[in-house]
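The structure appears right after this line, and notes come after that.
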Amino acid sequence: MATIYYTGCSLDGFIATPDHSLDWLMSRDIDGGADMGFDTFAPRVGACAMGASTWQWLLDHDPEGWTPKPTWVFTHRDFAESDQVRFTSADVAQVHAELVREAGDKDVWLVGGGDLVGQFHDAGLLDEVWVQYAPVTLGAGAPVLPRHVELSLDEVTRNRDFMCGRYTVVR
Ligand SMILES: NC(=O)c1ccc[n+]([C@@H]2O[C@H](COP(=O)([O-])OP(=O)(O)OC[C@H]3O[C@@H](n4cnc5c(N)ncnc54)[C@H](OP(=O)(O)O)[C@@H]3O)[C@@H](O)[C@H]2O)c1
């Protein structure tokens with residue numbers, strides 16, 4: 001299994017606008033059945049981790065759409081309880097051990113945001129980055145991965161409007 005950051009991204013490196021809009025992403029057809037499309041990626045996932053803003057976006061926009069994989073949400077806020085979701089402010093390494101245990105022989109999906117993924121990278125726990133680049137620039141917003149991370153490019157493909165890259169973290 002691997003710990004994978006899978007995300008959609010603007011061409012200039014943002015995963016959301018400054019006001020957390022994903023309209024530029026969700027308005028496009030992102031499930032083209034390509035090798036790196038979400039339909040292909042999702043069955044590999046056994047457990048997920050995300051930050052509070054990402055969870056808030058799901059609550060606001062897609063409460064029924066979230067596939068109920070066991071999910072850890074990093075936060076200091078008081079969110080309402082949700083099936084299969086655990087809220088934590090524990091050390092990422094400690095939570096990662098729980099994610100791996102829960103995922104079994106499947107992968108761990110780091111959903112975002114970028115700084116949380118960076119925290120996993122800081123702890124040496126990020127294995128792969130899969131990015132779906134949308135044909136748009138945003139100019140500002142939430143950065144995809146605000147760290148210096150060395151990557152090796154393993155695969156490139158096209159998924160409808162998206163240019164997809166799969167990278168391995170170089171340690
Ligand atoms: N394009 C895509 O595919 C994609 C993918 C994922 C996310 N997104 C979007 O990107 C944006 C990301 O927002 P964001 O940059 O604010 O990141 P985020 O990770 O979603 O949320 C950041 C918040 O998570 C909490 N947090 C982070 N690390 C923590 C830790 N170690 N312990 C406890 N709490 C921690 C903090 O919230 P508190 O301390 O306030 O609780 C922090 O302010 C969202 O709008 C999301 O919807 C887009």
Side-chain angles (χ1 to χ4, degrees), residues 3-32 34 36-42 44-45 47-67 69 71-82 85-99 107-126 128-147 149 157 159-167:
T3 298
I4 302 173
Y5 180 28
Y6 180 101
T7 190
C9 187
S10 69
L11 206 57
D12 54 346
F14 299 106
I15 61 169
T17 65
D19 60 354
H20 295 288
S21 171
L22 296 183
D23 291 352
W24 56 275
L25 178 65
M26 305 311 284
S27 59
R28 296 170 203 273
D29 183 359
I30 54 177
D31 285 331
M36 275 180 268
F38 189 70
D39 285 352
T40 308
F41 176 71
R44 300 173 49 136
V45 175
C48 305
M50 67 181 69
S53 304
T54 302
W55 179 245
Q56 185 63 57
W57 187 93
L58 284 165
L59 292 177
D60 293 344
H61 295 89
D62 200 17
E64 306 300 325
W66 180 245
T67 310
K69 304 271 187 185
T71 297
W72 277 254
V73 174
F74 284 82
T75 188
H76 303 96
R77 306 175 203 176
D78 289 324
F79 286 109
E81 283 186 27
S82 184
V85 177
R86 288 158 244 199
F87 300 98
T88 184
S89 57
D91 181 71
V92 290
Q94 179 189 322
V95 176
H96 185 259
E98 296 174 42
L99 286 158
D107 295 321
V108 172
W109 178 20
L110 302 181
V111 184
D115 183 72
L116 179 63
V117 175
Q119 294 174 46
F120 280 84
H121 177 262
D122 294 344
L125 298 169
L126 177 64
E128 296 179 25
V129 177
W130 298 30
V131 183
Q132 321 276 302
Y133 290 99
V136 62
T137 61
L138 299 175
V144 63
L145 185 41
R147 295 288 194 284
V149 179
T157 193
N159 180 13
R160 301 204 175 168
D161 274 355
F162 291 78
M163 179 177 69
C164 311
R166 183 169 63 80
Y167 306 84

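Bear in mind the structure is a predicted one, so any value in this text is a computation, not a measurement. Each ligand, and each atom within it, is numbered from 1 in the order the structure gives.
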Heavy atoms only: which of L22, T17, D19, T75 lies closest to atom 34 (N) of ligand 1? T75
State whether a side-chain donor-acceptor pair under 3.5 Å links S10 with D12. yes
Is the shortest N/O to N/O distance between G8 and ligand 1 below 3.5 Å? yes
With a cut-off of 4.0 Å, which atoms of ligand 1 are near a heavy atom of V111? 5 (C), 6 (C)
May I ask you to list the atoms of ligand 1 that are less than 4.0 angstrom from any heavy atom of G112? 19 (O)
For S53, the ligand 1 atoms whose distance to one of its heavy atoms is below 4.0 Å: 13 (O), 14 (P), 16 (O), 18 (P), 20 (O), 21 (O), 22 (C)
Among Y5, W55, W57, which residue places a heavy atom closest to atom 47 (O) of ligand 1? W57
Once salt bridge (charged side-chain N to carboxylate O under 4.0 Å, His left out) is applied, do any residues pair with R166, and if so which ones, sequence neighbours excluded? D154, E155
Under 4.0 Å from a heavy atom of L25: give me the atoms of ligand 1 that qualify, with their elements. 1 (N), 2 (C), 3 (O)
Quick one: does A52 get an N or O within less than 3.5 Å of an N or O on ligand 1? yes
Once salt bridge (charged side-chain N to carboxylate O under 4.0 Å, His left out) is applied, do any residues pair with D115, and if so which ones, sequence neighbours excluded? R147
Nearest heavy atom to atom 28 (N) of ligand 1: which of Q132, H61, Q119, H76 does it belong to? Q119
Under a 4.0 angstrom heavy-atom cut-off, which atoms of ligand 1 come close to A16? 9 (C), 10 (O), 11 (C), 45 (O)
What are the atoms of ligand 1, with element, lying closer than 4.0 Å to any heavy atom of L116? 28 (N)
protein heavy-atom neighbour closest to atom 45 (O) of ligand 1 works out as H20 ND1, 2.6 Å
W109 and ring-ring contact (aromatic ring centres under 6.0 Å, His included): which partner among F38, Y5, W130? F38
Can you pull out the closest protein heavy atom to atom 38 (P) of ligand 1? Residue, atom name and distance to 0.1 Å, please. R77 NE, 3.6 Å
Heteroatom distance test (T54, ligand 1): nitrogen or oxygen, under 3.5 angstrom: yes
